[in-house]
Amino acid sequence: MQYDVRTPEEYLSVLADDWRRERLLELREIILECGPHLKEGIEYKMLSYRDERGGVFALNAQKHYVALYVGDAQKVDPDGTLLAGLDVGKGCIRFTKSKAVSATRIREFIQRAIAIRQRGGDIDC
């Protein structure tokens, strides 16, 4: 879903108060904790998280899932162990109603992605 908003606060204020909001807020909290240097904003009508080199993550609540966008997930988790059991596309990790964020290794994935970026590595698609 796309929201016509300009700030993260506006984005959060228009989210429906359902399971998608809960998942998105959990993921947002992990990103903010693991990457306090990342700047939160809005890009392409989604929450975005940038460093000095550009976009690192984006979050968006879709109709049937919450999406965490990262350039190329395989560059962060080549063997797929951190994302095992999740619905993963090339650059999108989807969280459905039945998948609890706490039951995954997404925190480790986010930490690894940030560490790669901080070392100057490439996680872009």
Undergrad: Out of curiosity, does L27 fall in the hydrophobic cluster containing V70 (side-chain heavy atoms, cut-off under 4.5 Å, transitive links)?
TA: yes

Undergrad: Taking atom CD of E22 as the centre, report whether more than 12 heavy atoms of other residues, nucleotides or ligands fall under 6.0 Å from it.
TA: yes

Undergrad: Just how far is it from atom CG of L82 to atom CZ of R107, taken to the nearest 0.5 Å?
TA: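 So the CG of L82 and the CZ of R107 are separated by 13.0 Å.
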
Undergrad: First locate atom CG of L38, then atom CD of E52, and finally report the distance between them rounded to the nearest 0.5 Å.
TA: 9.0 Å

Undergrad: Should M46 and I106 be regarded as members of a common hydrophobic cluster, given that ILVMFWY residues are connected when their side-chain heavy atoms come within less than 4.5 Å of each other, either directly or indirectly?
TA: no

Undergrad: The test is side chain to side chain contact (heavy atoms under 4.5 Å, CB included); show your working for K75 and I116 and say whether it passes.
TA: CA-CA 9 Å; K75 289 182 180 179; I116 291 168; over 6 Å; no

Undergrad: I'd like to know if the side chain of R21 reaches the main chain of L12, judged simply by a donor and an acceptor atom lying under 3.5 Å from each other, with no hydrogens or angles considered.
TA: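 Judged by distance alone, yes, a pair lies under 3.5 Å.
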
Undergrad: Run the side chain to side chain contact (heavy atoms under 4.5 Å, CB included) test on L15 and L25 for me, step by step, so that the C-alpha distance in whole Å, both residues' side-chain angles and the decisive distance to 0.1 Å come before the verdict.
TA: CA-CA 10 Å; L15 276 178; L25 289 174; 5.6 Å; no

Undergrad: Please report the interatomic distance CG(L68) to CG(L24), rounded to the nearest 0.5 Å.
TA: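 That separation rounds to 9.5 Å.
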
Undergrad: Just how far is it from atom CD of E108 to atom OG1 of T81, taken to the nearest 0.5 Å?
TA: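 Result: 8.0 Å between the selected atoms.
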
Undergrad: Roughly how far apart are R28 CZ and L59 CG, rounded to 0.5 Å?
TA: 9.0 Å

Undergrad: Spell out, yes or no, whether Y11 and Y69 are grouped together once hydrophobic residues are joined by side-chain heavy atoms under 4.5 Å, including indirect joins.
TA: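 Not linked; separate clusters.
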
Undergrad: Is D18 paired with R20 through a side-chain N to carboxylate O contact shorter than 4.0 Å?
TA: yes

Undergrad: Please report the C-alpha distance between F109 and L86 in whole Å, then the side-chain angles of each, then the deciding distance to 0.1 Å, and finally whether the side chain to side chain contact (heavy atoms under 4.5 Å, CB included) criterion is met.
TA: CA-CA 12 Å; F109 177 87; L86 290 171; over 6 Å; no

Undergrad: Quick one: NZ on K45 to CG on N60, what's the gap to the nearest 0.5 Å?
TA: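 With rounding to 0.5 Å, NZ (K45) is 11.0 Å from CG (N60).
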
Undergrad: Shared ILVMFWY cluster between I42 and V56, side chains joined below 4.5 angstrom?
TA: yes

Undergrad: Check whether any side-chain N or O of R23 sits under 3.5 Å from a backbone N or O of K97 as a donor-acceptor pair, and report yes or no.
TA: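 Side chain of R23 to backbone of K97: a pair is present.
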
Undergrad: Would I30 end up clustered with Y49 when hydrophobic side chains under 4.5 Å apart are linked, directly or stepwise?
TA: yes

Undergrad: Please check: side-chain N/O of R53 versus main-chain N/O of R117, any donor-acceptor pairing under 3.5 Å?
TA: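 Present.
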
